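Worksheet: one structure, shown below.
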Amino acid sequence: MQMLKLMLLSPRPPPAAAHLRAAAPTRTPLLLTRRPAGPPPASASASAEFPGSVPDSAQMPPRRRRRRSVAGIDQDELLDPDALADPDSSFYEINGVRLHHKVCSHEDEDEVEDSSSDQPSSSTTASDAVRNSQIGLPILLLHGFGASVFSWSRVMRPLARIVRAKVLAFDRPAFGLTSRASWSADDTKPLNPYSMAFSVMATLAFIDYLGAEKAILVGHSAGCLVAVDAYFDAPERVAALVLVAPAIFAPRKVVKEDQSGEQGGQQTQNVPNDENSPPNLFARIWGRFLQLWKHIAGLVFKMITAIQDVVRSFCLKGLVAFLRSSLGAALVRWVMDKFGVLGVRNAWYDPSKVTDHVIQGYTKPLKSKGWETALLEHTISMIIDSASASRAPVSKRLSEISCPVLVVTGDTDRIVPAWNAERVARAIPGATFEVIKSCGHLPQEERPEEFLSVVEKFLRTMFANPNEQVFQAAV
């Protein structure tokens, strides 16, 4: 009995149970681990075992990023302006801005002429005539909006032959291959490189660069504004002005003619002399009442003007902020992509004659880094200058020009109408006006022969004396 009680109280299992437990497989404890955030770990056989499963990013082919293009120019591979320069390109630094320019000399033209000994006698005679009627004044060429030195490529060398001096063309900031300088209203730089004042300063600096006391300024479209402003800034440095398709708002005539045909006549009425007329109490009261209301109306007008100035200033700041934003940059890229090449073709009388070489010449600056930012800053500067009341508009000062002036236009200019160019010529005392037939906005490119003929005729007339370096009217 005692033995049986001990066996019942023992914790060990019976032999049969112990045998079964030994034969059962051992179980490892189940551990729950937390999977880190992110995609599940890669499995080599995941796609094979589960054909419908989505492969991970390592197995997916890389997605191609859409490349940006503006007027056919890849915007993902932009370069510095120096890397885009031509073999005959040069750079001249002014106030930290590297201005791209090209220079042609009459000596280079002489070498070309001397190397050609098979020319007919008529050409030799014409060349001798040019040699015997020297002008000796350099020419500075000022391109228009959206253009560059390329716009003058067909006439630079012939012009150097005509004036028997150097001819220089440079890219204004924001155009061509001139460096894209960063600038803002609170910048420490002394002068906005995209302003008209900087372009004028650069023009006069290039006259010094050529070692000349004065030069002939030839401007095209918006470049005419630079030429005229340079004249007003330093008239003693400008020998003559040639304004090609001038983008200058021509003033309308305000002088009226009376019935007798005399200008400036005024109609008068026979008003009785109040000194000899009896006093009229009602008339005096009414006159004082009108004076009071006139004074009140003047105050109201001043208040409205002040409010308009505040609103105009607020709108101007908002516009500037928009143009300097990413949306403004996207907008200018879209405009250049949709209308850049179209604008070049529209500037010609016959758009079908615009070659790929011309298109490439105008779109080449779009390969330069920061071109859209520079173009926006130039546009902002134009808006601020036009809104400024500190300086009178150029159109109101045309009558003050006293140097020789030639105005040239194409008869079918769709951008600056020929009638506007004619009014500009009429507003300048003694200006010469010439129209080139079957020509658009770019006479120096579309009709270079006719353009050179008109310019040469004008210069020969104005500077007839071959030894005269200074024209009296320009002093």
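Since the structure is predicted, the reported quantities are computational estimates derived from the model, not experimental observations.
- A 4.5 Å side-chain heavy-atom check between Leu331 and Phe322 finds at least one atom pair inside the cut-off.
- Here the straight-line distance linking atom CG of Leu99 with atom CD1 of Ile94 works out to 4.5 Å at 0.5 Å rounding.
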> Please walk me through it: do Thr178 and Tyr92 pass side-chain hydrogen bond (donor to acceptor under 3.5 Å, both in side chains)?
Replying inline: CA-CA 9 Å; Thr178 289; Tyr92 181 49; over 6 Å; no
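- Remark: Ile139 CD1 to Leu217 CG distance equals 9.5 Å, nearest 0.5 Å.
- Distance CG/Leu243 to CG/Leu398: 8.5 Å, rounded to 0.5 Å.
- At least one donor-acceptor pair closer than 3.5 Å links the side chain of Glu446 to the backbone N or O of Gly440.
- A side-chain donor-acceptor contact under 3.5 Å links Ser195 to the backbone of Asn192.
- For the pair Val405/Thr432, no side-chain contact is recorded, criterion being any heavy-atom separation below 4.5 Å from C-beta on.
- For the residue pair Ser368 and Leu84, the shortest heavy atom distance occurs at N-CD1, 3.8 Å.
- Residue Ser153 holds its OG atom at 6.5 Å from CD of Glu445, rounded to the nearest 0.5 Å.
- Screening Lys369, Arg98, Lys367 against Asp80 for a side chain to side chain contact (heavy atoms under 4.5 Å, CB included) leaves a single residue, Lys369.
- Side-chain atoms of Thr379 come within 3.5 Å of backbone atoms of Leu375 as a donor-acceptor pair (strictly under, hydrogens ignored).
- When side chains are defined from C-beta on, Val218 does not count as touching Val167, because their heavy atoms never get closer than 4.5 Å.
- In this structure, the ring of His357 has its center no less than 6.0 angstrom from the ring center of Tyr362.
- Rounded to the nearest 0.5 Å, atoms CH2 (Trp371) and CZ (Phe175) are 11.5 Å apart.
- Within the 4.5 Å cutoff, side-chain heavy atoms of Val407 are placed close to those of Pro246.
- With 3.5 Å as the limit, one finds a donor-acceptor pair spanning the side chains of Tyr231 and Ser402.
- Of all non-hydrogen atoms in Leu137 and Phe463, the two that sit nearest each other are CD1-CE2, 3.6 Å.
- Residues Trp152 and Ala169 approach most closely at CD1-CB, 4.0 Å, considering heavy atoms.
- Of the residues Arg180, Arg333, Arg324, the one that meets the salt bridge (charged side-chain N to carboxylate O under 4.0 Å, His left out) test with Glu372 is Arg333.
- In this structure, the side chains of Asn346 and Phe339 stay at 4.5 Å or more apart for every pair of heavy atoms.
- A donor-acceptor contact shorter than 3.5 Å links the side chain of Asp411 to the backbone of Cys439.
- Nearest heavy-atom pair, Ala245 versus Val416, reported as atom, atom and distance to 0.1 Å: O-CG2, 4.0 Å.
- The aromatic rings of His441 and His220 are tilted relative to each other, their planes meeting at an angle between 30° and 60°.
- Asp74 places no side-chain N or O within 3.5 Å of a backbone atom of Ser69 that could act as its donor or acceptor partner.
- Note that the CG atom of Asp337 and the CH2 atom of Trp334 stand 9.5 Å from one another [nearest 0.5 Å].
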> Are His100 and Ser89 close enough, and set up right, to give a side chain to side chain contact (heavy atoms under 4.5 Å, CB included), and what steps lead you there?
Replying inline: CA-CA 7 Å; His100 173 252; Ser89 295; 2.7 Å; yes
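- By the neighbour-count criterion of 12 heavy atoms within 6.0 Å, atom NZ of Lys102 is densely surrounded, having more than that number from other residues, nucleotides or ligands.
- Judged by distance alone, with hydrogens and angles left aside, the side-chain atoms of Arg460 form no donor-acceptor pair with the main-chain N or O of Val455 at under 3.5 Å.
- Checked by atom type and distance alone, the side chain of Arg237 pairs as donor or acceptor with a backbone atom of Ala212 at under 3.5 Å.
- The neighbour count for Asp88 CG, taken as heavy atoms of other residues, nucleotides or ligands under 6.0 Å away, is above 12.
- With a 6.0 Å radius and a threshold of 12 heavy atoms from other residues, nucleotides or ligands, Phe145 has its CZ atom above the threshold.
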>> Using the rule given for side chain to side chain contact (heavy atoms under 4.5 Å, CB included), can you reason through Ile216 versus Leu459, listing the C-alpha separation, both sets of side-chain angles and the distance that settles it, and then say yes or no?
In response: CA-CA 10 Å; Ile216 300 169; Leu459 294 179; 3.7 Å; yes
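- Taking 4.0 Å as the cut-off between side-chain N and carboxylate O, Asp86 and Lys364 count as a salt-bridged pair.
- Considering only heavy atoms from C-beta on, Thr373 stays 4.5 Å or farther from Leu376 through its side chain.
- Asp171 contributes a side-chain N or O that, together with a main-chain N or O of Leu177, makes up a donor-acceptor pair within less than 3.5 Å.
- Here the closest non-hydrogen pair linking Pro404 and Met462 is CB-SD, 3.5 Å.
- Between the Ser453 side chain and the Glu450 main chain, no donor and acceptor come within less than 3.5 Å of each other.
- For the pair Arg397 and Phe232, the cation-pi criterion (under 6.0 Å, within 45° of the ring axis) is fulfilled.
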> After noting the C-alpha distance and the side-chain angles of Thr203 and Phe170, does the key distance pass the side chain to side chain contact (heavy atoms under 4.5 Å, CB included) rule?
Replying inline: CA-CA 9 Å; Thr203 301; Phe170 72 95; 3.7 Å; yes
>> Determine whether Leu241 and Cys403 satisfy the following criterion, side chain to side chain contact (heavy atoms under 4.5 Å, CB included), listing intermediate values before the conclusion.
In response: CA-CA 7 Å; Leu241 292 171; Cys403 72; 3.9 Å; yes
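- Judged by distance alone, with hydrogens and angles left aside, the side-chain atoms of Arg154 form no donor-acceptor pair with the main-chain N or O of Gln444 at under 3.5 Å.
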>> Run Thr409 and Glu422 through side-chain hydrogen bond (donor to acceptor under 3.5 Å, both in side chains) and show every step you take.
In response: CA-CA 8 Å; Thr409 185; Glu422 184 177 6; over 6 Å; no
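- Contact detail for Met336 and Ala71: the closest heavy-atom pair is O-CB, 4.0 Å.
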> Do Phe206 and His101 pass the ring-ring contact (aromatic ring centres under 6.0 Å, His included) test, and can you show the C-alpha distance, the side-chain angles, and the key distance before you say yes or no?
Replying inline: CA-CA 10 Å; Phe206 272 114; His101 65 280; 5.2 Å; yes
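- At least one side-chain heavy atom of Val244 sits under 4.5 Å from a side-chain heavy atom of Phe451.
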